[in-house]
Amino acid sequence: MNLFADIRSAVVDALGRMTAEGLLPSGLNLSNVAVEPPRDAAHGDMATNAAMVLAKPAGKPPREIAEGLAARLMDDPRIEGADVAGPGFLNLRLAPAVWQGVLRQVLEAGTGYGRSDIGAGQKVNVEFVSANPTGPMHVGHVRGAVVGDALSNLLAFAGWNVTREYYINDGGAQVDVLARSAYERYREAHGLEPEIREGLYPGDYLIPVGEALKAKYGDSLLDKGEQVWLADVRDFASAMMMQMIREDLAALGVRMDVYSSEKALYGTGEIEAAIEELREKGLIYEGTLEPPKGKEPEDWEPRVQTLFRSTAHGDDVDRPVKKSDGSWTYFAPDIAYHYNKVKRGFDQLIDIFGADHGGYVKRMKAAVSALSNSTVPLDIKLIQLVKLWKNGEPFKMSKRAGTFVTLRDVVEMAGADVTRFIMLTRKNDVALDFDFDKVLEQSKDNPVFYVQYANARINSVLRKARDAGIVVDDATLLAADHSGLAHPAEQALLKKIAEWPRLVEIAARNNEPHRVAFYLYELASDLHGLWNRGNDELQLRFIQEDVAVSQAKIALARSVGVVICTGLGILGVTPVEEMR
RNA sequence: GGCCCCGUAGCUCAACGGAUAGAGCGUCCCCCUCCUAAGGGGAAGGUUGCAGGUUCAAGUCCUGCCGGGGUCACCA
């Protein structure tokens, strides 16, 4: 289905024949042989670097290899031209019918066009969001949630077996803080003055938790010491927070497959087992860390700790897994959790972290490397900050939480579709400006609108055509004679559509869903361009006097629409049919 | 100071190790008897922070600097 992969196969076959004829040595490594769209359309439709890659190992000048390759590729009816250019590129020109055939592929496969099997059914776990259950999700979580979800969609589309997972950090001190904060709201629910001391969570969102605690416990917890109520209130409050977080995620269109609890790891022996596993590999020892080089913390004192020899797996220093009081550091359950993922049989792990967690990448990779004997790759994507803007100035206030802007605020102000798309208009490791005014604007400055508008225009064509009595169902469009689609603007659009399967594979291989958003923008741009040329050149309009000609052109428009809908589906954005 | 990310057109950003580094905004010029002008076409604009290295080929990989951000042992 991937035309570029198909032609690459032809190139590899031709190279094989050259080897058989003794023109090339056998056993050449072809992994770097690529077939890709040239940057400059004047270079033809596709280009291969085969001759340059093989020149050295084959001991022949690149141009000589390229000439031989060209001659053999010309036997392929799909290939109309093969010219050696530059330092040894082989530029290929494909028969128009090949490009027109793309329409049949799209109209046959529908939104399955571009689906790939490069994932080969491998099990991949995508862990994302993993916010502490101490309050509503805020802006900082939105981007990670969207990237994780879109990446999951993308990988599934490319043939991976994907599990979306949320790791609930409910085992640390911050849930105790939550409990104490909720307890004050519980007192408040009884008409007492809450004491929201420094360090507690002040947000109004805990008021309902206080009410619920009152409903459940009546006044039985009042005037009791913390040791009486802390555990119960903690569990109760964090469960309510998780409920709220699930609803927040749902509002953004994100659904998790698995929620894993940090707390649930304690007391089950899982942490101990994971550390024991490392110990058996000789990676756990009692020792003292050197103080950080250069800038030594004020209160530094040498201390004997239980350490994980993460330096054996690429980390810079070894990392403590136990505190001096013998309890686990936060890292220990993280190790156990990742070990758990390895044991569940995932072939590949992906973590989506905030950029402020960049310091944990090496140690986490070291742990997974150690525990999986380097068999399970862990890719960690760091998500940079989102800066909110409104009316030309930074937007910080939230009516709901007071101190921070929540996910809900963003979704309610911008809508889930717009929010999701914009969050994917930057690579994950670059900071992103989210301007409420701009993202809601209906103009070409706004990429969401721009892409949606292209789709709306296509639907408009289909409506008009139907009104004119032209049959435009996919089966009819599929059967139409597409050979008239020869104008450069039409061919350009066909080629762009042909790139979609390749784009999917590249994006999936690199775990980079933003590429889909950029592609859709380019595809929409080509559509708008063709559309506008129809203003001057009537023969480029989709709807013509001749029904058969119309159907061919509408097949092109419809195919663009299919790809836009497919791409938006991967991003988790609902296509807009009409934009009145 | 160590480590991580970023540095590309005036601005915001793309570019699986491939050819003459691309879009959008902004600036300038132009296009509505026409399926949605909520759009489109064109011009100008670059030593890809600097210096080396690897490679047939480097914005991309390696080393060292410069600048910005993040992070740095019993917090998660």
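By the side chain to side chain donor-acceptor pair (under 3.5 Å) test, A:Y259 is found to be paired with no residue, residues two or more places apart in sequence or in another chain being considered. For the side chain to side chain donor-acceptor pair (under 3.5 Å) test, residues two or more places apart in sequence or in another chain that qualify with A:R363 are A:Y330. Considering only residues two or more places apart in sequence or on other chains, A:F128 meets the ring pair (Phe, Tyr, Trp, His ring centres under 6.0 Å) condition with none of them. Remark: A:R420 engages A:D149 in a side chain to side chain donor-acceptor pair (under 3.5 Å) (not counting sequence neighbours). The side chain to side chain donor-acceptor pair (under 3.5 Å) test applied to A:E490 returns A:K553, not counting sequence neighbours. Here A:F4 pairs with nothing under the ring pair (Phe, Tyr, Trp, His ring centres under 6.0 Å) rule; sequence neighbours left out.
Closest approach of A:R463 and A:E577 over heavy atoms only: NH1-O, 4.1 Å. Here the shortest heavy-atom pairing between A:P447 and A:I422 reads CG-CD1, 4.2 Å.
Screening residues 425-437 of chain A for side chain to side chain donor-acceptor pair (under 3.5 Å), with sequence neighbours left out, gives A:W389-A:D433. Screening residues 42-55 of chain A for side chain to side chain donor-acceptor pair (under 3.5 Å), with sequence neighbours left out, gives A:D45-A:W99, A:D45-A:K495.
Residues from residues 172-182 of chain A placing a heavy atom under 4.0 Å of any atom in RNA chain B, listed by number, are A:G172, A:Q174. Contacts between residues 50-68 of chain A and RNA chain B, defined by a heavy-atom separation below 4.0 Å, involve A:M52, A:V53, A:K56, listed by number.
The CG atom of A:N49 sits 14 Å away from the P atom of B:rA57 (whole-angstrom rounding). One interatomic measurement links the two molecules: CD of A:E290 to C1' of B:rC3, which rounds to 16 Å at whole-angstrom precision. In this structure, the CG atom of A:D315 is 12 Å from the C1' atom of B:rC72, given to the nearest Å.
Between the A:R63 side chain and the A:G86 main chain, a donor and an acceptor come within less than 3.5 Å of each other.
Annotation: of the two residues near RNA chain B, A:N132 and A:Q305, the 5′-most nearest-nucleotide partner is A:Q305.
Salt bridge status for A:D334 with A:R319: absent, with no side-chain N to carboxylate O gap under 4.0 Å.
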Every protein N/O lying under 3.5 Å from an N/O of nucleotides 23-28 of chain B:
{"from": "B:rC25", "atom 1": "OP1", "to": "A:K444", "atom 2": "NZ", "distance (Å)": "3.4"}

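If you look at A:Y521 and A:Y519, their ring centroids are not closer than 6.0 Å.
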_Under 4.0 Å protein heavy-atom contacts per nucleotide of nucleotides 4-15 of chain B, with B for base, S for backbone only and - for none_ = SSS-----SSSS
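Across the P atoms, B:rA19 and B:rA57 are found 14 Å apart, a figure rounded to whole Å.
In this model, no side-chain donor or acceptor of A:N532 finds a partner on the base of B:rA37 within 3.5 Å.
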